[in-house]
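Heavy-atom basis, side chains included; hydrogens, waters and symmetry copies ignored.
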Amino acid sequence: MREKRGKRMVSCIKLGSSEFAANYIYNAHSHRHIEIDYVLTGRCMITTDNSNVPLSGGECVVIASDTRHGFLVENSGKCRIRQFEFDGVIEEKQAAEMLSGKARPCYKFTDCEEIGEALKQLCRYHEENDAYAEELFSLEFRKLLLLLLRCRDESEKKDQYRYSELIENVLHVLDENYLQEISLEELARRQYVSSSYLRRVFAWEVGFSAMEYITVLRMERAKRLLKDSGKTISEVAADTGYSNLQHFSSQFKKKIGVSPRDFRLQIKRGDKS
């Protein structure tokens, strides 16, 4: 924990770098503190109840407190992120309003290497124990807040956080119909573009293929059903768009890391602990 002399107090919940394997998925959750994730290498996606935020190296996301979100890594390789989770009193009015989540639960920033460097310096000062480290941490934290505000203003001018109209339309179709069988060719036909063009643009903007995106939505639904319902695994498979139980189990283990049965057992053991 770092405390600035005076009125502001910042509690550091988590600060450091982590590497995640391809296909890694962290279940949707929420917490009272603010989270900043800066991608060092690789590609990943932050999922929220209202949107999905793809991230590549040199990009970051700011997630307000109490925002339900998940995290997953694309299947092409590992992803390394620098993460800062904190809470406390923030005197700067603009920064406090931005981080409150009232205007938007999360912000994505591109071309934000300075934020990455500020997080790196915070890690350094957080680990040091000399007489100056605490004050340097507080100064670097204030610098980070200013950088976030500047990135927010610049991104709003450029409208960076929005997908293109084409991808917005496709995401809407997928979000509404992911339990049904739908091909890339059908998606492209609905938008009057070629399937090769849609494949390229979707992967560029979202960070995942359209079929991978559908699988993610189905797996999130499957996890909720396995956790919160008494349905059998066969019923869960059918209720998440899979007519073949073996295929469902194979996809679930590939994405989540354990079989549907073991996932349910882990949840039950966790509930008892």
Side-chain angles (χ1 to χ4, degrees), residues 1-2 10-49 51-88 99 101 105-129 133 136-137 140-141 143-145 147-148 151 206-208 212-213 215-216 219-220 223 252-258 262-263 266-267 270:
M1 178 182 291
R2 298 287 180 185
V10 177
S11 297
C12 181
I13 310 299
K14 182 177 181 180
L15 179 58
S17 301
S18 301
E19 183 174 271
F20 301 91
N23 287 318
Y24 176 88
I25 296 180
Y26 192 87
N27 294 342
H29 62 289
S30 62
H31 41 65
R32 295 304 299 264
H33 46 272
I34 297 161
E35 179 177 331
I36 301 175
D37 298 321
Y38 178 86
V39 180
L40 297 167
T41 58
R43 295 169 70 98
C44 62
M45 181 185 290
I46 300 294
T47 62
T48 72
D49 290 340
S51 64
N52 296 295
V53 184
L55 298 167
S56 301
E59 299 178 341
C60 81
V61 64
V62 182
I63 306 170
S65 60
D66 296 317
T67 298
R68 184 173 171 80
H69 61 285
F71 171 78
L72 56 99
V73 179
E74 71 167 14
N75 63 3
S76 62
K78 299 177 180 179
C79 179
R80 290 183 63 243
I81 66 171
R82 185 170 288 133
Q83 190 174 51
F84 182 28
E85 298 181 12
F86 64 94
D87 60 17
L99 299 176
C106 67
Y107 289 83
K108 173 184 174 178
F109 300 133
T110 61
D111 300 323
C112 55
E113 288 80 6
E114 286 183 297
I115 290 177
E117 285 301 312
L119 292 173
K120 181 178 180 180
Q121 288 300 318
L122 283 175
C123 291
R124 172 189 170 190
Y125 297 138
H126 183 66
E127 294 171 355
E128 293 177 350
N129 294 313
L136 287 168
F137 183 95
E140 195 67 34
F141 179 75
K143 175 183 176 182
L144 174 65
L145 294 180
L147 288 171
L148 291 174
C151 282
V206 180
F208 297 81
E212 287 174 326
Y213 183 82
T215 300
V216 168
M219 291 301 108
E220 287 298 313
K223 287 190 295 182
F252 192 94
K253 187 170 184 178
K254 178 181 178 181
K255 291 296 182 182
I256 310 304
V258 295
D262 288 341
F263 178 82
Q266 288 178 2
I267 293 297

Identify, with sequence neighbours excluded, every residue that meets side chain to side chain contact (heavy atoms under 4.5 Å, CB included) alongside [X].
| X | value |
| --- | --- |
| Thr41 | Arg80 |
| Ile25 | Leu72, Glu220, Lys223, Lys255, Ile256 |
| Ser18 | Phe20 |

Could you list the residues that satisfy ring pair (Phe, Tyr, Trp, His ring centres under 6.0 Å) with His69, not counting sequence neighbours?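 Partners of His69 under the ring pair (Phe, Tyr, Trp, His ring centres under 6.0 Å) test: His29, His31.
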Drop me the distance from [X]'s [atom1] to [Y]'s [atom2], to the nearest 0.5 angstrom.
| X | Y | atom1 | atom2 | result |
| --- | --- | --- | --- | --- |
| Glu113 | Lys120 | CD | NZ | 13.0 Å |
| Glu59 | Cys112 | CD | SG | 7.0 Å |
| Ser65 | Glu85 | OG | CD | 12.0 Å |
| Asp262 | Phe252 | CG | CZ | 9.5 Å |

Suppose we screen for salt bridge (charged side-chain N to carboxylate O under 4.0 Å, His left out). Which residues come up paired with Glu114, at least two apart in sequence or across chains?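 Salt bridge (charged side-chain N to carboxylate O under 4.0 Å, His left out) list for Glu114, sorted by chain: Arg150.
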Check salt bridge (charged side-chain N to carboxylate O under 4.0 Å, His left out) between Glu212 and all other residues, then give those that pass, not counting sequence neighbours.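 Glu212: no salt bridge (charged side-chain N to carboxylate O under 4.0 Å, His left out) contacts found.
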Side chain Lys108, main chain Pro54, donor-acceptor under 3.5 Å: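 The answer is yes, because a donor-acceptor pair under 3.5 Å joins these two groups.
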Side chain proximity check, [X] to [Y], heavy atoms < 4.5 angstrom:
| X | Y | value |
| --- | --- | --- |
| Ile81 | Leu55 | no |
| Ser17 | Leu40 | yes |
| Phe109 | Leu147 | no |
| Cys106 | Thr48 | yes |
| Val61 | Phe71 | no |
| Tyr107 | Cys60 | no |

Distance-minimising heavy-atom pair for Arg43 and Val73: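 Nearest pair, atom of Arg43 first, then Val73: O-CG1, 3.6 Å.
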Which label fits Phe137 and His126: parallel for a plane angle under 30°, tilted from 30 to 60°, or perpendicular past 60°?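 Rings of Phe137 and His126: tilted, as their planes differ by 30° to 60°.
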